[in-house]
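So the structure is just underneath, and the comments pick up after that.
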There are 2 protein chains.
Amino acid sequence: MIRILLADDEHLIRGALAALLALEDDLIVVGQAATGAEAIAAARALIPDVAVVDLQMPDLDGVTVADRLRVEVPTCRTMIVTSHGRPGHLKQALAAGVRGFLPKTVSAENLAMVVRTVHGGGRYVDPQLAAEAISAGDSPLTAREADVLQLASEGAPIEEIARRASLSPGTVRNYLSAAAGKLGAANRHEAARIARKSGWI
Amino acid sequence: MIRILLADDEHLIRGALAALLALEDDLIVVGQAATGAEAIAAARALIPDVAVVDLQMPDLDGVTVADRLRVEVPTCRTMIVTSHGRPGHLKQALAAGVRGFLPKTVSAENLAMVVRTVHGGGRYVDPQLAAEAISAGDSPLTAREADVLQLASEGAPIEEIARRASLSPGTVRNYLSAAAGKLGAANRHEAARIARKSGWI
DNA sequence: CACTTCAGATGACAGATGTCATGACGGCTT
DNA sequence: AAGCCGTCATGACATCTGTCATCTGAAGTG
């Protein structure tokens, strides 16, 4: 019997997934969480075999949860399900020790199968996401460029970005210019869109 | 027995919702669809009592589907579930004849209850979304302003927006300036963010 | 008809932004 | 030690963008 912890902020989805997994004889949902923090607390208390975590949650994202679980509950294998899978997220997730990564477009049978695979020590990544991740390649941005672009993506003027990043406005412009160049964008806003779409910020 | 059509592009969610609704004695899921077009075709063939439609789908969005169903399958009541409920979407949905509007954070019992309410001729809108919609008010943007802002939201420079909208660059700037003023934004990019968050574009 | 309203356009101006050259510093590699 | 790279900064310049005043033509209204 595989003991599962479910974490997803959407009550409806979480309940529905639980109902779905309950149909499988060898799976049992032992706990549910609506936020990243709850998920970590529940995992510590319940020590599940597998944690099925949504990528987008109000507080911590799924990758952060996976990273913490790897340290705090080492026997728990983590897998992530997501609506909007970006190539960059997949890379981050694998780096955080995630064993399975699936879009929510998969079927229920597939989900159960992957839960078993992950529990058995295997890994599973959705083939389409994997292909996208490979073709998208690594982020060409340096750490600071990504930082600055992250702030720029909210539409703030350069002066505000400079204040929030504790940099001089000139430096901010240099970074944004470099980032836009690397991403083939005409301006920082387009660059921010590209980086976000690829999961690089 | 209430006959239900489910439309959601995420296979996992759709199957899970079906499993969940199947637990209720008076509800039966008679059909499922993964796209807006499929949903309309299925509704025409099956004539369900209630259509439960996701707001975001690859081709047509939930509001468009509702609008078409109202005309093509008048006996079918439509309700919408969504992950990211924006105030503007709620208004559009009600205008399209939608009878129920729920975020996916509701519980399964609530969903079943709302299905019954809608089937009985009633309406149900999530209280929190309703409050947001009322406080957000109507879109202050004119039709053209919204058009231009829509194009601007992709990060394109003004000249490209002008070409795509068949307007002169100067006019585009005027509209964007007016829109930014109305939305209290410092520039068009921030204005686009605000308008998108409110569901106005 | 006179009046108003609105989409669309133009031109001018100031300020914001993108681009480039240049320099300094620290860490890492060879 | 020498060289490369990432980080941070400054200054100059051209261009882009936001703002405003003003104009046109079409449509609607009294």
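In what follows, every heavy atom counts, from backbone to side chain, and hydrogens, waters and symmetry copies are set aside. In what follows, chains carry the letters A, B, and so on, assigned in the order in which the sequence lines appear, proteins first and then strands, with residues in each chain numbered from 1.
- Two residues, B:P169 and A:A156, neighbour DNA chain C, and the one matched to the more 5' nucleotide by heavy-atom proximity is B:P169.
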Contact pattern, 5' to 3', of nucleotides 22-27 of chain C - B, S or - by protein heavy atom under 4.0 Å: ------
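- For the pair B:E159 CD and D:dT17 C1', the computed distance is 13 Å after rounding to whole Å.
- Between A:A185 and B:S168, the residue anchored nearer the 5' end of DNA chain C, judged by the nucleotide with its closest heavy atom, is B:S168.
- Regarding A:L141, its CG atom lies at a distance of 15 Å from the C1' atom of D:dT7, rounded to whole Å.
- When the shell of 6.0 Å around CG of A:D25 is examined, it contains 12 or fewer heavy atoms from other residues, nucleotides or ligands.
- Look at CG on A:L149: it is 14 Å from P on D:dT7, rounded to the nearest Å.
- With respect to the salt-bridge test (charged N to carboxylate O, under 4.0 angstrom), the residues A:D49 and A:R77 do not qualify.
- Taking the charged nitrogens against the carboxylate oxygens, A:R164 and A:E159 have no contact shorter than 4.0 Å, which rules out a salt bridge.
- Under 4.0 angstrom from either OP1 or OP2 of C:dT10 there lies no side-chain N or O belonging to B:T171.
- Using a 4.0 Å cut-off between charged side-chain N and carboxylate O, A:R44 and A:E72 make a salt bridge.
- As a whole-Å value, the separation of B:E190 CD from D:dG18 P is 12 Å.
- Under the 4.0 Å criterion applied to side-chain N and carboxylate O atoms, A:K104 and A:D54 are assigned as salt-bridge partners.
- Protein atom CD1 of A:I161 is 8 Å distant from nucleotide atom P of C:dT17, rounded to whole Å.
- Separating the CG atom of B:L176 from the P atom of C:dA16 is a distance of 18 Å, rounded to the nearest angstrom.
- Across C:dG18, D:dT19, C:dA9, the shortest atom-to-atom separation from the side chain of A:R173 is found for C:dG18.
- An OP1 or OP2 oxygen of D:dG6 is reached within less than 4.0 angstrom by no side-chain nitrogen or oxygen of A:R144.
- Side-chain N/O atoms of B:Y175 include none lying less than 4.0 angstrom from OP1 or OP2 on C:dA7.
- The separation between B:H189 atom NE2 and C:dA16 atom P is 15 Å, rounded to whole Å.
- OP1 or OP2 of C:dT19 has at least one side-chain nitrogen or oxygen of A:S177 nearer than 4.0 Å.
- Under a 4.0 Å N-O distance rule, the pair B:K182/B:E145 qualifies as a salt bridge.
- Protein atom CG of B:N187 is 21 Å distant from nucleotide atom P of C:dA14, rounded to whole Å.
- Between B:E24 and B:R116 there is a salt bridge, with a side-chain nitrogen of the basic residue lying less than 4.0 Å from a carboxylate oxygen of the acidic one.
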